[in-house]
Amino acid sequence: MSLSTQESDEDSNYVLVARLDNARTMANILKAVHFKDTAIIFASQNGLKVTVEDAKCVQANAFLQASLFQEFVIREDQVTFKVNLTVLLDCLNIFGTSQVGGVMTALKLCYTGYGNPICLLLEENGVLTDCSLTTQDPEETLDFNFSSTNVINKIIMKSECLKEAFSELDMTSEVLQILMSPDKPHFRLSTFGSAGSSHSDFPKESDMMESFQCEKTQSNRYKISLLKPSVKALMLSSRISLRMDRRGFLSMQYMIKTDDGQVCFVEYFCAPDEMEEIDEDACS
Amino acid sequence: MIASLKGLSYEERLRAFNLPSLEHRRRRGDMLQVYKTLNGIDRNAMWWCHSVVGGAHIGALKRMFLLSSTQQGSDPVFTFTTLLGIKPLTCVFGRAVHSLSKIGDELYIEPLEQGLSLRTVNSSRSAFACFVFSPSFFLHYDDGKTEDLSKPTTDHDDDDYDDSTIRCKIGMKSCLNVFKSLSTLEKTVEKCKININMQDARVIFQLYCRHGIMKTYNLAFIESETLQAVFSKDHTPNVLTTQSRLLCDAVTNFQTTQEEVSLIVNEDEVILKNYVEDEPDPNKIIHTQMRLNPEEFQVFQVGVNAEVTFCLKELRAVLHFSESANLPISIHFESPGKPIIFCLDSDPSFEANFVLATLADVSTQVSCSQRSTQTAQSKSKDSRNITAKKRQISSNNERSASKRHQDESNISASSFLSRNENIIKTKPREKTTNPTALQAATDHLLNYVELANDTKQSFSTNTETRETELRNNSQVLLTTSPRDSEEEESPRIPLQMHQQSTHQIISGFEEPEEQEEEVPGTPPHATQFKSLFFGLSQASSMASQQVRSPQTAHGEPMVLAEDTDDED
């Protein structure tokens, strides 16, 4: 078909070309990290990584691996640019957010290179939409220097029970204290609000826990306002892995299943509110 | 097995072997166990886990065992559990908290003799709600007052109110946070433990959820005095009991913005209608009226025809709870100005009482001293007070009532309220005369006078517009005038009546707004509800509910009960 020849002609101009049969997949993943307007997109041979940061304390990364796309061509080693995430999501959802009758929106994303806008072509039921988003110079993203070797405590669990716990967090509290310990209580989320303190305990024997590896008792506080956006990702996910390293930095990795059965990951890094480790709360 | 016993019944077989029945043996075993437990011989609690059937006696023994086994001086601990699939008790508790949250902002927790009480009152003190959960509701109930029976020498006997009694209040919002999502509660919570820690001034709610998850909420509390409303359910002449479904359906007919609703009863019917205070333009107000048949009520006892007006929002709070629990609801009420009590006591394990203040007639707002100043103005005011009840007034009553009414006209609260003890049993129709007319019934008839007059004229027609006009004053309407009081009418009244009758009738149709201005010192009508209800005089007695709210000498609006917390 002429389109394919067109493609191959035009595509040679593009530094990055990605085709996806169901734009909703990408839209959903990006929604999980959408707590700020701008995002930095890193494209590499492996796929796309969308990074959103806030207050230099929290960073969210959404990974869209190359295998997710029907076609993923990148002509350079790495392509990075900054784009307005809100607008990008609006474009991806241009045909509406509800999915009726299994009709899918096809997406083609093209990027010519530095200084050029990214081009989104969306098609649904014969209707074609052409979007052009300006790109900006990418900023330096934080490097939390979170390496697996530094990880002291790691928990992998099902998201269900955490969903409840996070959605019921006492928002009058400024901080969320996370305790991970080899002893009881193994995993505890605490808030200290105007009404008093509340704790949610998750024992390691619980059938919600898939893996529990804690070496040392660690309790750190994180600003609730920074962690709140991660709840979006939590709601979409089926499994979550929480890791805390020596410095108290928290890494939460969410496994999200897409419509077509593929798996994507979203990761949140958060710096603790206070650098020093706090002993277990004296509150009963 | 034994051939000779083949074909015999269970009883016969027992008799043959001279054996006691299983029930007897179970009882005997229970008694033995209780003896052992109470005397500290055997603290093994496993025995009561055996039987699942026969729950009632097991429950009682369980409680006795647990109560006796607690250490003295321990903090009160109330544990209740939800047996999923059998009775989601935590949900009932959570719903109770939700229901209370719709009324007041603070939750008063206090263990009583009958059980754990949760109480609240609204900011204007015109609504009080109280839930009492008996020990049978809980799996384990320890109110910290139990004596350690194994040590008879220690004196842990608590009188009604000494320092060891726990009375605390917590913010409603924080308590609501614990039971935030009822659907989650239902699905995931298996057990809930409530612990009151006096040292740290914390109420601790622990929710034991599925998958071993436990949620703990430590809520700070403030020690407070008892919050108790003074009311009596037992002496109200009117009692209606029905499934809450009926009331729910009735209430959905009213607009959500509707603030007050009136409940009118007579022998034949029960009417719920929306209450309209001011009516600048009759065309702009929607009038809603629902008539219910006495047959739809399980208990329909109308001692006096009555029309009471109360806040709809609070009724919705009551129904919010009762409907989900699917319980029958009892309504006890008497006359305007007296509180109306919604009672949910069909379930043996808990009892709920919602006491709402009702609108009193305008006269109750005026102090005694103003009685004499009443003139035609007040009379006209009263005429406007006429309400639907008027229809029921017989012509005889009307005449005499109007006579009496003239003089007293704006019977102040004092006169009205001062007769509280001998409350006017306003008569319904002639057929159902209530012989307990008051001595000073004349005062009460003030409204009736007007009523009578106007009723004669047009109320029999029962037109809605008429009613609404008359209601404009937001006066609580008295019920029909008592017959007996006719004899007691003072001689001076008749003189004025005839003069005034026409005047009243005419004035009755006016839009009554000036009443507020007329009477100096009358609180704005918006406050007619409040301070009628809670009062000072009961503060000291904090025991159970009083029978009657005593009236102050000045006939100021009676306060029935009050939260004597000094912070107020």
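The chains referred to below are lettered A, B, ... by the order of the sequence lines, with proteins before strands, and numbering in each begins at 1.
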Flag the pair B:Phe93 / B:Phe350 as yes when their ring centroid distance falls below 6.0 Å, and as no otherwise.
-> no

For the residue pair A:Phe202 and A:Phe187, is the inter-centroid distance of their aromatic rings smaller than 6.0 Å?
-> yes

Measure distances from A:Leu169 to the heavy atoms of chain B and classify the residue's part below 4.5 Å as side chain, backbone, both or neither.
-> backbone

Among A:Asp273, A:Val58, A:Leu250, find the residue that satisfies the side chain to side chain contact (heavy atoms under 4.5 Å, CB included) test when tested with A:Tyr222.
-> A:Leu250

Go through B:Cys175, B:Cys209, B:Ser181, B:Ser174 and name the one with the most non-hydrogen pairs under 4.5 angstrom from chain A.
-> B:Ser174

Checking heavy atoms, do the side chain of A:Glu168, its backbone, both or neither come under 4.5 Å from chain B?
-> both

Within the 6.0 Å centroid threshold, strictly below: A:Phe146 and A:Phe269 | yes

